[in-house]
There are 2 protein chains.
Amino acid sequence: MKTKHSDLIDSLTTRGYRLTPQRELLLSMLSETDTHLSADTLLTRARKAYPRVNKSVVYRNLELLTELGLVSRVDFGGGHVEYEVHRHPHHHHLVCRNCHHMIGISSDTFADLQRQLADRYGFSADMDHLALFGLCHDCQTSEPANAHAQRSHHPHAL
Amino acid sequence: MKTKHSDLIDSLTTRGYRLTPQRELLLSMLSETDTHLSADTLLTRARKAYPRVNKSVVYRNLELLTELGLVSRVDFGGGHVEYEVHRHPHHHHLVCRNCHHMIGISSDTFADLQRQLADRYGFSADMDHLALFGLCHDCQTSEPANAHAQRSHHPHAL
DNA sequence: CGATAATATGCAACTGGTTGCATTTGCAAC
DNA sequence: GTTGCAAATGCAACCAGTTGCATATTATCG
Ligand SMILES: [Zn+2]
Ligand SMILES: [Zn+2]
Ligand SMILES: [Zn+2]
Ligand SMILES: [Zn+2]
């Protein structure tokens with residue numbers, strides 16, 4: 001997707017922001033992958049190509065690119081945030097709190113809710129890229145004892 | 001709400017967890033307020049009564065109390081998390097990204113969505129205490145230039 | 001009531017992310 | 001091409017939250 005990459009660069013420069021090697025690198029890493037990447041992963045990868053890049057630059061630019069709408073941020077909770085280039089249509093994620101399996105869902109699943117919030121409260125909700133937690137189908141029958149995070153410890157519990 | 005407080009303590013001890021002064025203090029602070037409190041606020045307040053309390057204890061106990069369902073956590077994004085005693089019925093929050101005004105809404109607003117996610121994806125979503133971002137009624141007409149966070153800076157922007 | 005064992009706490013080191021400031025650099029004007 | 005200046009970067013100090021471990025405390029049992 002080279003086109004996408006140069007489109008992104010145009011978006012930056014025509015709005016008066018400078019094209020720096022760090023920004024170009026970030027945008028190319030993001031447009032060449034089809035999954036999300038965390039800031040930390042982006043920093044590590046960026047340094048392979050260009051060892052001087054500083055973490056504050058990565059964070060500041062991800063912030064900027066998100067504000068400009070070129071990049072979409074998803075907050076997985078507990079401070080875990082990931083980024084991807086902003087594509088249409090939007091999508092959201094259902095994350096299993098037991099096995100950590102992740103289901104991608106289309107944004108129109110939220111259309112009714114969005115309308116309801118607008119009607120009842122006059123609130124225009126941002127529904128670009130959400131993550132909801134819960135239990136996936138497989139984990140509902142047998143909540144504990146799967147992949148991760150079982151409450152192993154406390155002797156008395158239950 | 002003294003009753004609530006002693007109920008919480010019972011919940012702890014009958015499940016085999018010890019009643020320590022720190023835990024009692026946390027629970028009483030939480031049950032005596034009707035809003036959310038951040039871990040940091042709880043730590044600061046706790047130290048007034050009991051200067052030795054350590055921050056790791058506050059974080060660890062909030063984690064425990066949340067897992068036990070005695071306390072409800074809400075993630076306001078950007079690493080900002082708050083806690084309150086778990087009450088029924090549940091509620092959620094709509095937070096304006098412009099003026100930071102917060103609207104509390106009843107949990108049944110999400111009932112349809114929850115059902116839909118169960119039907120379509122077999123996913124049982126946790127809908128205890130969510131925060132959604134967006135624009136409140138007043139800020140939709142005049143997005144920038146309100147209370148906080150206007151894009152003051154970049155000269156070229158737009 | 002005193003001993004015991006397992007849990008909870010305090011502490012100090014560490015981590016991921018943020019901030020302020022001095023230096024560098026991209027870009028436009030000459 | 002050179003110059004000038006605002007914007008962007010690198011750096012180092014900082015901050016909230018987490019982790020491992022030695023010490024203190026709780027609840028239980030004799
Ligand atoms: Zn996504
Ligand atoms: Zn699962
Ligand atoms: Zn709430
Ligand atoms: Zn508002």
Side-chain angles (χ1 to χ4, degrees), chain A residues 9-10 12-27 37-47 49-68 70 73 75-83 149 151-158, chain B residues 9-27 37-47 49-68 70 73-83 149 151-158:
Chain A
I9 289 175
D10 282 0
L12 254 191
T13 54
T14 59
R15 294 205 236 185
Y17 292 95
R18 291 189 187 163
L19 180 61
T20 65
Q22 294 90 333
R23 281 176 184 169
E24 187 165 7
L25 188 52
L26 274 180
L27 286 173
L37 296 168
S38 69
D40 199 55
T41 305
L42 284 163
L43 176 61
T44 310
R45 291 200 192 169
R47 280 187 165 148
Y50 193 162
R52 304 198 63 196
V53 290
N54 189 272
K55 63 178 171 176
S56 58
V57 169
V58 170
Y59 287 104
R60 282 194 274 231
N61 279 315
L62 288 171
E63 185 68 27
L64 173 69
L65 296 172
T66 303
E67 281 173 6
L68 294 180
L70 304 183
R73 184 206 313 254
D75 187 333
F76 286 110
H80 193 166
V81 173
E82 299 194 343
Y83 301 85
R151 301 221 46 61
S152 48
H153 34 296
H154 204 288
H156 300 221
L158 286 191
Chain B
I9 288 175
D10 282 359
S11 268
L12 253 191
T13 53
T14 59
R15 294 205 235 183
Y17 294 94
R18 292 187 185 164
L19 179 60
T20 64
Q22 294 89 331
R23 282 177 183 169
E24 186 164 9
L25 188 52
L26 273 181
L27 286 173
L37 296 168
S38 69
D40 198 56
T41 306
L42 285 163
L43 176 62
T44 310
R45 289 200 194 169
R47 281 188 165 149
Y50 192 162
R52 305 198 63 195
V53 289
N54 189 272
K55 65 179 169 172
S56 58
V57 169
V58 170
Y59 287 105
R60 282 194 274 233
N61 279 316
L62 287 172
E63 185 68 27
L64 173 69
L65 297 172
T66 303
E67 280 173 7
L68 294 179
L70 305 182
R73 183 206 313 254
V74 56
D75 187 336
F76 286 111
H80 193 168
V81 173
E82 300 193 343
Y83 301 84
R151 303 224 44 61
S152 47
H153 34 296
H154 205 287
H156 301 222
L158 287 190

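Just so it is clear, the structure is predicted and the values come from calculations on it, not from any experiment. Computation of the quantities below employed the complete heavy-atom set of this structure, encompassing side-chain atoms and omitting hydrogens, waters and symmetry-equivalent molecules. Below, read A as the first sequence line, B as the second, and so on, with proteins coming before strands; counting in each chain starts at 1.
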Return the value, rounded to whole Å, for the distance between atom [atom1] of [X] and atom [atom2] of [N].
| X | N | atom1 | atom2 | answer |
| --- | --- | --- | --- | --- |
| A:Y50 | D:dA8 | OH | C1' | 11 Å |
| A:L27 | D:dA8 | CG | P | 13 Å |
| B:E24 | C:dA8 | CD | P | 15 Å |
| A:Q22 | C:dT23 | CD | P | 19 Å |
| B:I9 | D:dA27 | CD1 | P | 11 Å |
| B:R23 | C:dA8 | CZ | C1' | 6 Å |
| B:L62 | C:dA8 | CG | P | 15 Å |
| A:L64 | D:dT9 | CG | P | 9 Å |

Any residue meeting side-chain hydrogen bond (donor to acceptor under 3.5 Å, both in side chains) with [X], in chain and number order, not counting sequence neighbours:
| X | answer |
| --- | --- |
| B:Q22 | none |
| B:R60 | B:S56 |
| B:T41 | B:S38 |

Residue B:L19, side-chain atoms from C-beta onward, closest of C:dG26, C:dA8, D:dA27
D:dA27
Rounded to the nearest 0.5 Å, what separates atom [atom1] in [X] from atom [atom2] in [Y]?
| X | Y | atom1 | atom2 | value |
| --- | --- | --- | --- | --- |
| A:L64 | A:L12 | CG | CG | 6.5 Å |
| A:T44 | A:K55 | OG1 | NZ | 11.5 Å |
| B:L70 | B:I9 | CG | CD1 | 11.0 Å |
| A:L43 | A:Y59 | CG | OH | 7.0 Å |
| A:D10 | A:L19 | CG | CG | 9.5 Å |

Where along nucleotides 11-18 of chain C does protein come under 4.0 Å, by heavy atom, of base (B) or sugar-phosphate alone (S), with - for untouched nucleotides?
B-----BB
Restricting both atoms to N or O, compile the protein contacts to nucleotides 3-5 of chain C shorter than 3.5 Å, with distance only.
none

A:T20 vs B:T13, nearer the 5' end of DNA chain D by closest nucleotide:
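Per heavy-atom nearest nucleotide, the more 5' residue is A:T20.
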Residues in salt bridge (Lys or Arg N to Asp or Glu O under 4.0 Å) with B:R73, at least two apart?
B:E63
